[in-house]
Number of protein chains: 2
Amino acid sequence: MAEDPSGRQRMVAGAADMISRRGLNATSVRELAKHTKAPLGSTYHYFPGGKYDLATEAVRWADDLTMGVLTEELAAGPQAGLSAFLSLWRNIVLNSDFHAGCPVLAVSVEDLPEEHDTPRKAAAEAFQRWTSLLADSLRDAGAPADDAEQGATLIVAAVEGTVAMCRAQRSITPLDHVTAQLTQMIEKMLPELPPAARPATARRRKKTPRR
Amino acid sequence: MAEDPSGRQRMVAGAADMISRRGLNATSVRELAKHTKAPLGSTYHYFPGGKYDLATEAVRWADDLTMGVLTEELAAGPQAGLSAFLSLWRNIVLNSDFHAGCPVLAVSVEDLPEEHDTPRKAAAEAFQRWTSLLADSLRDAGAPADDAEQGATLIVAAVEGTVAMCRAQRSITPLDHVTAQLTQMIEKMLPELPPAARPATARRRKKTPRR
DNA sequence: GTCTATACGAAGATAGAC
DNA sequence: GTCTATCTTCGTATAGAC
């Protein structure tokens with residue numbers, strides 16, 4: 001968990017980044033090895049299943065990273081979680097000057113040969129985990145069960161779609177618009193409360209909040 | 001506009017479909033020619049700029065198709081337009097058994113070499129056109145200007161993201177959830193009216209409605 | 001103008017030297 | 001165990017025969 005100097009770990013993170021930029025098909029093992037300063041042959045020592053093993057781990061890596069951020073921030077309620085989720089992708093898009101995005105989305109829109117289907121399955125799992133986490137948080141905060149489930153799905157879908165739109169348009173404006181609307185949506189689906197109050201279920205947090 | 005038996009037109013539509021399934025990088029000119037029964041050499045006669053010319057036209061083709069559907073159905077108001085927009089992609093996903101999606105999104109998440117950037121620009125334009133059309137319709141129906149603009153962006157982003165989620169999960173459920181939430185969102189942003197009534201601006205339509 | 005045959009590079013994957 | 005050199009397949013693009 002401390003920094004892992006291992007070439008293996010660097011390759012997984014590097015693959016996630018590269019896939020998020022160019023997609024899975026355009027991410028070659030050759031170039032990845034070069035960028036991460038790992039010898040080409042070692043790749044197949046670390047990842048005997050080759051490119052698709054590597055891609056699957058890259059998707060899981062992004063999944064876990066996102067789950068970590070969401071879990072931590074959702075402790076302070078759905079709005080805080082939404083905000084953190086948005087910031088996560090916002091920073092990735094801006095720091096890469098609109099060149100990087102979400103590797104999970106990238107894998108989801110490339111039809112893979114039937115026998116190398118594990119990256120897509122990992123992507124499906126990631127979306128499911130993010131959605132469930134958000135839905136639970138909305139329910140805990142008092143949203144009706146249907147709205148919680150549907151709203152969580154909308155949040156994940158909208159963020160993924162918006163990141164792609166921002167990249168196409170080379171502008172962060174779509175993300176700002178979506179942020180405003182999703183924030184409104186959550187407000188309307190929660191029971192009305194004075195801004196300071198919070199339902200009891202939302203108060204249990206596991207750690208001290210960040211920052 | 002009647003059926004075009006031309007090989008050229010078939011290649012553009014075929015490219016749009018293939019890109020929507022596997023992404024731009026995995027769409028080879030070779031295989032496209034084979035699928036559309038056009039000789040490989042002819043491709044470069046029709047599209048002197050090669051693969052990226054072809055991709056750009058494919059994106060514009062999908063753009064125009066979507067604009068046509070949207071323009072026609074939005075004449076009956078924003079809810080009808082949303083519904084048609086959703087159906088369009090829903091049918092594509094279901095008819096392809098979760099293998100096809102939106103070519104505009106596919107192009108948006110693949111970083112292209114700087115010199116072959118036109119497909120991305122065409123994608124940016126497509127998103128912009130769809131968003132503007134929806135925003136205008138929402139404004140005409142009485143939504144506040146900010147909500148109209150932001151809501152239109154959310155609709156486009158959410159639909160694009162949801163199509164990708166459905167493909168990853170091999171399930172149409174996300175699209176159903178998003179449909180419910182977006183429908184609610186539009187209702188809440190429009191002035192309250194008895195279901196039968198309609199603001200005057202939404203009544204002007206250009207053609208007789210289909211079917 | 002249409003198409004076949006081919007040039008040339010880069011992809012995934014592996015064999016086998018260190 | 002690590003890495004280099006190489007095999008095979010497929011990519012884009014073109015040259016030149018009909």
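A note on names: the letters A, B, ... follow the listed sequences, proteins ahead of strands, and every chain is numbered from 1.
- Between the NE2 atom of A:H116 and the P atom of C:dG12 there is a distance of 11 Å, given to the nearest Å.
- B:T183 and B:E187 share no donor-acceptor pair across their side chains, judged by distance under 3.5 Å alone.
- Atom-to-atom, CZ of B:F47 to P of C:dT2 comes out at 13 Å; the value is rounded to the nearest Å.
- Between A:H45 and D:dG1 there is no side-chain polar atom (N or O) within less than 4.0 angstrom of OP1 or OP2.
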Nucleotide N/O of nucleotides 15-18 of chain C paired with protein N/O under 3.5 Å:
none

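- Distance from the side chain of B:S42 is smallest for C:dC3 among the nucleotides C:dC3, D:dT12, D:dC3.
- With respect to A:D17 and A:R21, a salt bridge is recorded, a charged nitrogen being found less than 4.0 Å from a carboxylate O.
- Between B:D63 and B:R60, no side-chain nitrogen of the basic residue sits less than 4.0 Å from a carboxylate oxygen of the acidic one, so the salt-bridge criterion is not met.
- Ion pairing between B:R90 and B:D176 holds under the 4.0 Å rule for side-chain N and carboxylate O.
- Here B:E31 pairs with B:R22 in a salt bridge; the nearest charged N to carboxylate O distance falls below 4.0 Å.
- Here C:dA13 presents its C1' atom at 14 Å from CD of A:E115, a figure rounded to the nearest Å.
- B:Q150 places no side-chain N or O within 3.5 Å of a backbone atom of A:V178 that could act as its donor or acceptor partner.
- Atoms CZ (B:R10) and P (C:dT2) sit 13 Å apart, rounded to a whole Å.
- Taking a 6.0 Å sphere around NZ of B:K188, one finds it holds more than 12 heavy atoms contributed by other residues, nucleotides or ligands.
- Using cut-offs of 30° and 60° on the angle between ring planes, the pair A:W130 and A:F85 is perpendicular.
- For D:dT14, neither phosphate oxygen OP1 nor OP2 lies less than 4.0 angstrom from any side-chain nitrogen or oxygen of B:Y44.
- Side-chain proximity of B:L40 to C:dA5, C:dA13, C:dT2: nearest is C:dA5.
- Atom OH in B:Y52 sits about 13 Å away from atom P in D:dG11, given to the nearest Å.
- Remark: B:T27, B:S28, B:V29, B:R30 in residues 20-37 of chain B come within less than 4.0 Å of DNA chain D through at least one heavy atom.
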In residues 105-115 of chain B, what donor-acceptor pairs under 3.5 Å come from side-chain atoms, sequence neighbours left out?
unit_1 : atom_1 : unit_2 : atom_2 : d
B:S108 : OG     : B:V104 : O      : 2.7
B:E110 : OE1    : B:N25  : N      : 3.0
B:E110 : OE1    : B:N25  : ND2    : 2.5
B:E110 : OE2    : B:L24  : N      : 2.7
B:D111 : OD1    : A:H99  : ND1    : 3.0
B:D111 : OD2    : A:H99  : ND1    : 2.9

